[in-house]
Amino acid sequence: MITALVLVLAGTTAPQTGQASEPSTLQDGFEAQDFSPEGGLYYRDNFEQSAGEVVFQSEITRAGRGALQLSVRPLCPAGAEGCSERAEIWERTALRIPYDKGVWYGFSMRFAEPVPQDDHRYVMAQWKREIGPEADGDFSPFLALRMRSGVVFATVETNFLALPPDAPPAANGRCPAGWSPVWLRPETRQMRVLVAHAPNWSDRIGPEFDRCTNAVRVTGPRALPEAGPSWHDYGFYTLPGPRGGGMIHIAVDGAIAATIRGHIGHDDHGLGENQYFKFGPYRDAGAGKWTLFYDNFIRAATCEAVLPKARCEGLE
C-alpha cells in the first residue's frame, strides 16, 4: 500500500554548536509509514519544500518492503528569481557532524521515468557547511550529486584560489593528469570542481568547467551511473578541508569511483561549526513532475558500515 506522508514541522535552520564529537550511526530503510527514530531524518517544512511530495511506498524498493518516493512539482510564480522547488530530507540539527570530522554516508537511489533532459539545474544529494547570520553571501555545497541535460555528475566546491601560471585550459570538462576541471567563480569567492560524471557526458555542460586546477586532485575512474529506472548504491566519505587537507571518497555499487583530495569546502567568516547532509530532488523553478526513489540510508563512522570490507582496505 502506498501512503502519503503528512508534512511535519521539525528542526531549525539556525546552526547549533556543541554537537556530538563523533558520528553516531543513523539508519533508515523506510520500512514504515514515517521516518525511523533511528534514522535521524525529517522533512523540512517551508515554501520551497511545499513543492514536494513524500511517499513511503512498497511497490518500488531496493531491499525490504519499503522505499521512499520523493517528487517535486511546479511551484514558483512566473518571473520569480531565486525560487527553487524541493523535496529534501534532512538530518536533524542536533545530530550534525563537526566540519573537521570525517563521516560515511550511504543510500540507494533510482530515477523515475521520464528523466528530465533539459539544460537545467537538478540536485539529488548535497553536503553543506552551516551558514550563520554573520556570513557574507551564499555558499554552495562542498559536495553535490547533480544532473543537467540528463547527465549525472558530481562536484566539489571550495574557496576561490587563483590558478598557477602554468594552469592549462580544460577541453570539454577534461584536464591533463594531475589537474581537475574547474569553474572559477571569483565573484562569489568560490570555485566548483568537476570530480565524476556519467558516460553520456554532454558538451552542453563541459564548457562551464573551462579551466584546470591542481588545488583539488581526483583519482579513480570518476565514473557515475547514467540516470535511469535502475537502482544504484552510493557511498560517500566526507572530510572537508578548506585549507588543503580535505578528502572525499565516492563509491558506486560497492566500488570506489573517485577519491578527491585537497581544498574542499569553505572557510569564511560567519560559517558554522558543522557539516550537514540532505537528499532528495531539488531544482530551479521547472515544468512537470520530477520523481526519485531512495532506500537504505545510513550514516556511520566506519567504511565497513557502508561498503564491503574488502573495498575498504587501503582507504585513508
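Throughout, residue positions are numbered sequentially from 1 according to the sequence presented.
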State, without any angle test, whether [X] and [Y] hold a side-chain donor-acceptor pair at a distance under 3.5 Å.
X	Y	answer
H269	E134	yes
R217	T259	no
N159	D267	no

What's the spacing between [X] [atom1] and [Y] [atom2] if we round to 0.5 Å?
X	Y	atom1	atom2	value
E226	W201	CD	CH2	13.0 Å
E88	N46	CD	CG	9.0 Å
R192	W183	CZ	CH2	5.0 Å
I97	L239	CD1	CG	12.0 Å
I256	L315	CD1	CG	5.0 Å
Q190	T158	CD	OG1	9.0 Å

Mind checking whether [X] and [Y] sit in one hydrophobic cluster, side chains of I, L, V, M, F, W, Y counted as touching below 4.5 Å?
X	Y	value
M147	L145	yes
L163	F160	yes
L307	I298	yes
L143	V218	yes
I264	L184	yes

So, for [X] and [Y], which heavy atoms are closest and what is the spacing to 0.1 Å?
X	Y	value
S149	S202	CB-OG, 4.4 Å
A87	L70	O-CD1, 3.6 Å
P242	G265	CB-O, 3.7 Å
L224	P199	O-CD, 3.4 Å
V193	S180	CG1-CB, 3.7 Å
A257	A223	CB-O, 3.4 Å

Heavy-atom donor-acceptor pair, [X] side chain to [Y] backbone, under 3.5 Å:
X	Y	value
R299	S24	yes
E38	Q27	no
Q57	I60	yes
E91	G40	no
E48	R86	no
T213	A215	yes
Q126	S140	no
Y43	F35	no
Q275	P98	yes
Q69	A67	no

Does [X] reach the side chain of [Y], with side-chain heavy atoms less than 4.5 Å apart?
X	Y	value
V55	L68	no
E273	Y99	no
P207	N172	yes
I131	D138	yes
K128	P141	yes
V152	F111	yes
V115	Y122	no
I250	I260	yes

Practice task
I would like to know whether Y234 and Y105 meet ring-ring contact (aromatic ring centres under 6.0 Å, His included); could you show each step before the answer?
Solution key: CA-CA 8 Å; Y234 289 87; Y105 288 89; over 10 Å; no
Next on the checklist: For Y237 and H249, take the angle between the two ring planes, folded into 0 to 90°, and tell me which bin it lands in: parallel under 30, tilted 30 to 60, perpendicular over 60.
Outcome noted: tilted
Worksheet item: When the ring planes of F56 and F30 are compared, do they come out parallel, tilted or perpendicular, using 30° and 60° as the limits?
Response: tilted
Next item on the list: For side chain to side chain contact (heavy atoms under 4.5 Å, CB included), just list the numbers for R261 and T219, CA-CA rounded to whole Å, side-chain angles, deciding distance to a tenth of an Å, and then say yes or no.
Entry: CA-CA 9 Å; R261 296 180 176 90; T219 56; 3.9 Å; yes
Margin query: For a side chain to side chain contact (heavy atoms under 4.5 Å, CB included) check, start with the C-alpha distance between C175 and F209, then their side-chain angles and the critical distance, and finish with the verdict.
Written below: CA-CA 10 Å; C175 290; F209 300 93; over 6 Å; no
The single option from W231, F236, F297 that satisfies ring pair (Phe, Tyr, Trp, His ring centres under 6.0 Å) with F107 is F236
From the list W127, W104, W90, ring pair (Phe, Tyr, Trp, His ring centres under 6.0 Å) with F277 holds only for W127
Is it the case that over 12 heavy atoms from other parts of the model lie below 6.0 angstrom from the [atom1] atom of [X]?
X	atom1	answer
R311	CZ	no
R243	CZ	no
D136	CG	no

Stepwise side chain to side chain contact (heavy atoms under 4.5 Å, CB included) test for I248 and V156
CA-CA 9 Å; I248 289 172; V156 161; 3.8 Å; yes
R148 bridged to E208 by N-O distance under 4.0 Å: yes
One thing to verify: whether E304 and K309 come together as a salt bridge, which I'm taking to mean a side-chain N less than 4.0 angstrom from a carboxylate O.
no
Checking K101, E130, R129 against N274 for side-chain hydrogen bond (donor to acceptor under 3.5 Å, both in side chains), the one that qualifies is E130
Pairs of donor and acceptor atoms involving the side chains of residues 284-295, under 3.5 Å and at least two apart or interchain, shall be tabulated with distances.
residue	atom	partner	partner atom	Å
D284	OD1	R121	NE	3.2
D284	OD1	R121	NH2	2.5
K289	NZ	E53	OE1	3.3
T291	OG1	S71	OG	2.7
Y294	OH	M124	O	2.7
Y294	OH	G280	N	3.3
D295	OD2	R62	N	3.0
D295	OD2	A63	N	3.2

